[in-house]
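Scroll down for the structure; my scribbles are underneath it.
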Amino acid sequence: MTEPAVVITGLKKSFGPLEVLKDIDLTVASGEVVCIIGPSGSGKSTMLRCVNLLEEPSGGKIVVNGVEMTDPDVDIDSARTKIGMVFQSFNLFAHLSVINNLTVAQRKVLKRGEKEAEEIARHNLERVGLTDKANAMPAQLSGGQQQRVAIARALSMSPEVMLFDEPTSALDPELVGDVLGVMRQLADEGMTMLVVTHEMQFAREVADKVLFMDGGYVVEQGPAAEVIGNPQHDRTKSFLARVLNPTHQDPTD
Amino acid sequence: MALSKRQRAKAFRGVQYGILVVVIVVFAFVADWGTIKRAFFDFEVMSKLFPDVIFVALKNTIIYTALGFTVGLVLGLVLALMKLSPVPPYRWIATIYIEFFRGIPALLVFIAFNFGIPLAFQVRFDNLTTVTIALAIVGAAYMAETIRAGIQAVPKGQIEAARSLGMSQGRTMATVVIPQAFRIILPPLTNELIMLTKDSSLIYLIGVQYEQLELTKFGRDAMNQYRGMTPILVAGALYLIITLPLGYLSRRLERHTGGKKVS
């Protein structure tokens, strides 16, 4: 058996007196797609951001592809090149064209040559269906296109794990499908993915495992069909009832 | 007969125009046009000022300003980074520098570098060095605050994206933050260039040779020589040739970047 891609043990994170993550354990096998769901403020984004140390954990251990991220002596920049991240607000470099967004880190961080970097960039633009936008500036693209470019930018670093932090939450509803389509294709190709999302349909169809978080804890985890289709905990049930049927009013609320 | 509010406003405006017309007419009759023309618009003197006023004075003003601005920009960037440093003493030094040099007249800095420091340390700077250092020191104090504000205006998500791609803190600053910060601060930076253009006139108190004269000193020397205001007027017009387009550019850039959100 190959070693797991991500192992999180006893993860804790506090912002001052506010304890956001209380005790998180999670193991993600290589090639697995894990969707993390939960109400806002449950700590799911914070957990994801701890994986590549955008947030410094207050306690616990995180190992990604055998590299202990929480080791104070780790070469964090080099470790991050193997972990792609996609943000809710895209965060494309506003001053660079699409193609340069995809090549800048390849060249300056991975020290790839200009030709190689551009080849890889174009290949990844093709994967997200935006070959014709190579020379556009980010501001000229729709939100959905920007997010697909952001995915291509992360992929251009040839990562082993991809983190998605609510990748479709800032998009107009009609643009969500394109982005989810790209993510689904990525999952089919065998990419290890951690996805914080509110797209239950996507989680149900694509995820190998679904994690329900609330109040800084993992309340429930398991195969998508079980967690979403047949939740065991009351908190999971009431959350899913509210998300899947927003007009429904829970009398106990 | 009582006037309505609107009639009164109209009458009042009429009176204002009337006063203006009277003043202009009286001035036109009283003024000694011959003397005014001789003092301000003496074409004979003007023709004698050319071509040196362009190829010596205007050229030197531009050279001094460009040198001072360039060195000042680099120094200002260093100060801005110091001001944002996590190491407190760097922040203190930058703050003291900025507050000090923004608070004293630029003229004082020129005096210090031309007379004070050479006297105290037994060193001698050539004039170009003096002007460049003095302008850079003063300009840097203003530019540092502008650059700092620009760096802080770059959205945090840009930094997170760069770091998540494996860029180090310094690499992120150089390739992502600073280029975007400069886009944001281009309009105020243009204003600081205008300010330095005018401050370059302070070289007048340094004894410079003819080929080092800039507009103000050139105009002043010529004024003494030709006994009239014309050279000063010409010098002033040439300053405007530099500063008005820059001001226009600054407003254009402001409109260009101001309306659109950088994200």
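Per chain, numbering begins at 1; letters A, B, ... match sequence-line order. Bear in mind that the values here come from a model prediction, so they are computed numbers and not experimental data.
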Check your understanding: Do you know the tightest heavy-atom contact between A/Phe93 and B/Ala161?
Key ->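 The answer is CE2-CB, 4.0 Å.
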Exercise for review: Looking only at non-hydrogen atoms, find the nearest pair between B/Leu165 and A/Thr81 and report the distance.
Suggested key: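 Heavy atoms only, the tightest pair is O-CG2, 3.8 Å.
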**Study point:** chain B contact via A/Arg49 - which portion, at a heavy-atom distance below 4.5 Å
**Key:**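 Just its side chain gets close to chain B.
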Practice item. Sort A/Ile83 into side chain, backbone, both or neither according to what part of it lies under 4.5 angstrom from a heavy atom of chain B. Key: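 The answer is the backbone of A/Ile83.
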Any chance you could measure [X], atom [atom1], to [Y], atom [atom2], to the nearest 0.5 Å?
{"X": "B/Ser164", "Y": "A/Asp165", "atom1": "OG", "atom2": "CG", "value": "11.0 Å"}
{"X": "B/Gln158", "Y": "A/Phe90", "atom1": "CD", "atom2": "CZ", "value": "12.5 Å"}
{"X": "A/Asn91", "Y": "B/Glu160", "atom1": "CG", "atom2": "CD", "value": "7.0 Å"}

Hey, is [atom1] on [X] packed in by over 12 heavy atoms from elsewhere, all under 6.0 Å?
{"X": "A/Gln185", "atom1": "CD", "result": "yes"}
{"X": "A/Glu68", "atom1": "CD", "result": "yes"}
{"X": "B/Phe121", "atom1": "CZ", "result": "no"}
{"X": "B/Tyr248", "atom1": "OH", "result": "no"}
{"X": "A/Glu56", "atom1": "CD", "result": "no"}
{"X": "A/Glu114", "atom1": "CD", "result": "no"}
{"X": "A/Arg127", "atom1": "CZ", "result": "yes"}

Check your understanding: Which one of A/Arg80, A/His95, A/Lys82, A/Gln88 has the most heavy-atom pairs closer than 4.5 Å to chain B?
Key ->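 Most pairs with chain B among the choices: A/His95.
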Review point. Side chain, backbone, both or neither: which part of B/Arg171 has a heavy atom under 4.5 Å from chain A?
Key: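 The side chain, not the backbone.
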Review point. Under a 4.5 Å cut-off applied to non-hydrogen side-chain atoms, are B/Met167 and A/Asp77 in contact?
Key: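 Sidechains of A/Asp77 and B/Met167: no contact.
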